[in-house]
Amino acid sequence: MERIHRVFRSPKFMLILLVTIVGTYYFSEWSKSPANADVTRSAQMKLAKNANSVGESQPPVPARKTKEIDPELVKIVRGGSSLPNYFLKTAANKEMYRNATLSFVHYPKGGGTTMKECITKISQTGNREPPLVVFAPNAGETKEQLLNGAHAKTDIFMGTYGFSLCQYVNSKNCAYFTILRDPYDRMVSHYFFCRYGGGSNAPCNKPIEEFAVMVRSVFFHQLTCIHKCKQNDGPKGPWSCDREQLEVEQLVNYRENEIEMILDYAEQHLEDIFVTIGLLDEFDTSLALLQEAFGLPFYDMCRNSHRNGRPDESEERKQERIAAKKALMENEEVKKVLHADIRLYNRAKELFQKQKEKSVQRLWEAKR
């Protein structure tokens with residue numbers, strides 16, 4: 001014991017103790033500095049990663065500190081060189097819109113089937129090539145065919161994968177349009193369509209909340225999924241495109257802050273991307289706006305054609321749908337996965353109202 005006391009009282013031990021105390025103090029102050037905090041956290045993350053590397057799953061990729069969206073991601077969200085909103089972004093150069101190649105982005109369970117029937121009817125009476133339907137099974141192949149010169153005479157495309165086609169068509173002017181619906185109502189319709197025998201990529205033998213979490217924000221997905229294409233054998237060689245789609249979440253390694261920036265960009269630039277945005281709740285008005293923009297008889301030939309009001313539905317079925325929507329709106333996980341589509345839909349409603357106001361204003365000015 002006396003030997004231990006002598007060690008503690010020795011000058012060498014006192015010097016080591018003093019250096020340790022001073023060093024600890026200064027390191028504590030240094031790590032508090034914002035300039036050095038990231039270094040400290042980086043070291044902690046590295047230690048945590050090493051600790052988890054044996055028998056443990058790796059931690060999620062940390063968010064990159066970035067303030068601007070990657071230009072390559074902007075290209076994806078813009079869907080190629082497309083005409084801007086006819087009512088809000090142009091002095092109404094009608095010829096550009098009347099001669100454009102059209103691509104209808106079919107938002108599932110949003111009146112898209114009725115719209116596709118309308119487009120087909122218009123093409124038959126207008127001596128046009130039949131519209132080309134683009135959906136999941138043929139999207140990659142269609143883009144490959146377009147890059148290699150096929151479908152040169154086709155000037156109307158439509159389908160759930162109608163977005164991004166303006167990157168591939170050989171046309172000076174290309175125009176997107178769509179009809180949207182409240183995301184909760186759309187999800188309820190999708191779920192019961194599947195439950196009562198319709199098709200769906202997600203199984204519907206589960207509660208609607210689980211179904212919604214699997215399906216997620218459909219419209220945001222439509223705007224941000226791609227098929228990678230490459231040219232083989234030099235600049236004049238044939239093109240080939242992947243058959244499997246790639247989601248933008250994969251491109252940014254699921255970093256939430258970058259996904260949010262992509263959503264911000266899409267929300268802020270909807271009027272730069274879509275010539276018209278329609279709403280299912282105002283289907284006939286949407287047809288009238290389309291007719292004004294493109295000079296095609298959407299309203300004249302197709303008004304009163306949407307019959308998805310379920311007039312013969314039993315009271316029990318109606319209450320079942322009401323309860324399902326209530327369950328979705330009260331579920332926090334569902335709110336999170338539908339966050340993107342809810343934001344885009346709310347923005348679309350604002351733009352729809354502005355389109356109507358501009359249309360009325362033009363009509364009034366024409367009569368003066």
Side-chain angles (χ1 to χ4, degrees), residues 69-85 95-108 112 115-116 119-120 122-123 126-178 201 218-253 262 265-266 269-270 272-276 294 296:
I69 185 172
D70 188 320
E72 292 302 313
L73 297 177
V74 169
K75 291 180 183 178
I76 294 171
V77 181
R78 292 301 296 260
S81 180
S82 58
L83 292 172
N85 194 286
E95 289 307 310
M96 288 196 331
Y97 293 84
R98 304 291 165 92
N99 297 322
T101 295
L102 310 184
S103 186
F104 169 60
V105 182
H106 176 185
Y107 186 47
M115 179 56 72
K116 287 192 293 186
I119 293 169
T120 300
I122 289 172
S123 69
N127 196 28
R128 291 172 174 258
E129 286 287 310
L132 182 62
V133 179
V134 186
F135 58 120
N138 74 341
E141 180 182 6
T142 299
K143 292 172 182 178
E144 179 179 298
Q145 292 171 346
L146 287 168
L147 287 171
N148 289 315
H151 310 299
K153 293 183 179 181
T154 302
D155 60 358
I156 302 182
F157 298 84
M158 58 187 187
T160 50
Y161 281 73
F163 193 69
S164 82
L165 291 179
C166 287
Q167 295 183 55
Y168 304 92
V169 298
N170 183 21
S171 174
K172 183 182 294 185
N173 298 312
C174 186
Y176 294 118
F177 64 101
T178 192
N201 291 331
V218 173
F219 188 56
F220 182 60
H221 168 77
Q222 289 177 297
L223 298 185
T224 56
C225 71
I226 64 169
H227 294 81
K228 284 190 172 181
C229 300
K230 63 180 180 180
Q231 195 164 21
N232 305 298
D233 303 325
K236 294 186 178 181
W239 286 86
S240 62
C241 296
D242 292 346
R243 298 306 188 254
E244 294 296 321
Q245 66 186 21
L246 186 64
E247 297 184 3
V248 75
E249 291 93 337
Q250 296 169 281
L251 295 176
V252 299
N253 211 4
I262 295 166
Y265 185 91
H269 291 84
L270 278 180
D272 297 316
I273 300 169
F274 287 92
V275 166
T276 62
F294 295 125
L296 296 173

How far apart are the closest heavy atoms of His151 and Gln145, and which atoms are they?
NE2-OE1, 2.7 Å
What residues form a disulfide bond (SG atoms under 2.5 Å apart) with Cys225, not counting sequence neighbours?
none
Heavy atoms from other residues, nucleotides or ligands near CG of Asn99 exceed 12 (cutoff 6.0 Å)
yes
How close do Ala175 and Cys166 get, counting heavy atoms only, and between which atoms?
N-SG, 4.0 Å
Report yes or no: does Tyr97 contribute a side-chain atom to a donor-acceptor pair with the main-chain N or O of Val275 at less than 3.5 Å?
no
Shortest non-hydrogen contact between Val133 and Asn138, atoms and distance
O-ND2, 3.0 Å
Which pair of non-hydrogen atoms, one from Pro108 and one from Thr160, has the smallest distance, and what is that distance?
CG-CG2, 3.9 Å
Under the 3.5 angstrom rule, does the side chain of Gln250 hit a backbone N or O of Glu247 as a donor-acceptor pair?
yes
May I ask you to say whether Glu95 pairs ionically with Arg98, meaning some side-chain N is under 4.0 Å from a carboxylate O?
no
Asn232 and Ser240: side-chain donor and acceptor closer than 3.5 Å?
yes
Looking only at non-hydrogen atoms, find the nearest pair between Ser103 and Gly162 and report the distance.
OG-O, 2.5 Å
Between the CD atom in Glu144 and the NZ atom in Lys230, the distance rounded to the nearest 0.5 Å is 11.0 Å
Quick one: do Thr178 and Phe163 satisfy side chain to side chain contact (heavy atoms under 4.5 Å, CB included)? Show the steps, please.
CA-CA 10 Å; Thr178 192; Phe163 193 69; over 6 Å; no
Please give me the minimum heavy-atom distance between Ile69 and Leu73, naming the atom from each residue.
CG1-CB, 4.1 Å
Per the side chain to side chain contact (heavy atoms under 4.5 Å, CB included) rule, which among Arg128, Glu129, Met158 passes with Ser123?
Arg128
Find the distance between CG (Leu102) and CD1 (Ile122) and round it off to the nearest 0.5 Å.
9.5 Å
Any non-hydrogen side-chain atom of Leu251 less than 4.5 Å from a side-chain atom of Asp70?
no
Gap separating the OH atom of Tyr265 from the CG atom of Asp272, nearest 0.5 angstrom:
6.5 Å
State the OH-CE distance between Tyr107 and Met115, to the nearest 0.5 angstrom.
15.5 Å
Within this structure, what is the CG-SG distance for the pair Asn148 and Cys241, rounded to the nearest 0.5 Å?
8.0 Å
Evaluate the side-chain proximity of Phe157 to Thr101: yes if any heavy-atom separation is below 4.5 Å, no if none is.
yes
Taking side chain as C-beta onward, heavy atoms only, is Tyr168 less than 4.5 Å from Cys229?
yes
Quick check for you: to the nearest 0.5 Å, what is the distance between Phe294 atom CZ and Ile156 atom CD1?
9.5 Å
Does some side-chain heavy atom of Lys143 sit less than 4.5 Å from a side-chain heavy atom of Leu165?
yes
Quick one: does Phe274's side chain get under 4.5 Å of Val105's, heavy atoms only?
yes
Does the side chain of Ile273 come within less than 4.5 Å of Val77's, by heavy atoms?
yes
Check whether Gln222 reaches the backbone of His106 with its side chain - one donor and one acceptor, N or O, closer than 3.5 Å.
yes
Is there side-chain contact between Ile226 and Ser164, with at least one heavy-atom pair below 4.5 Å?
no
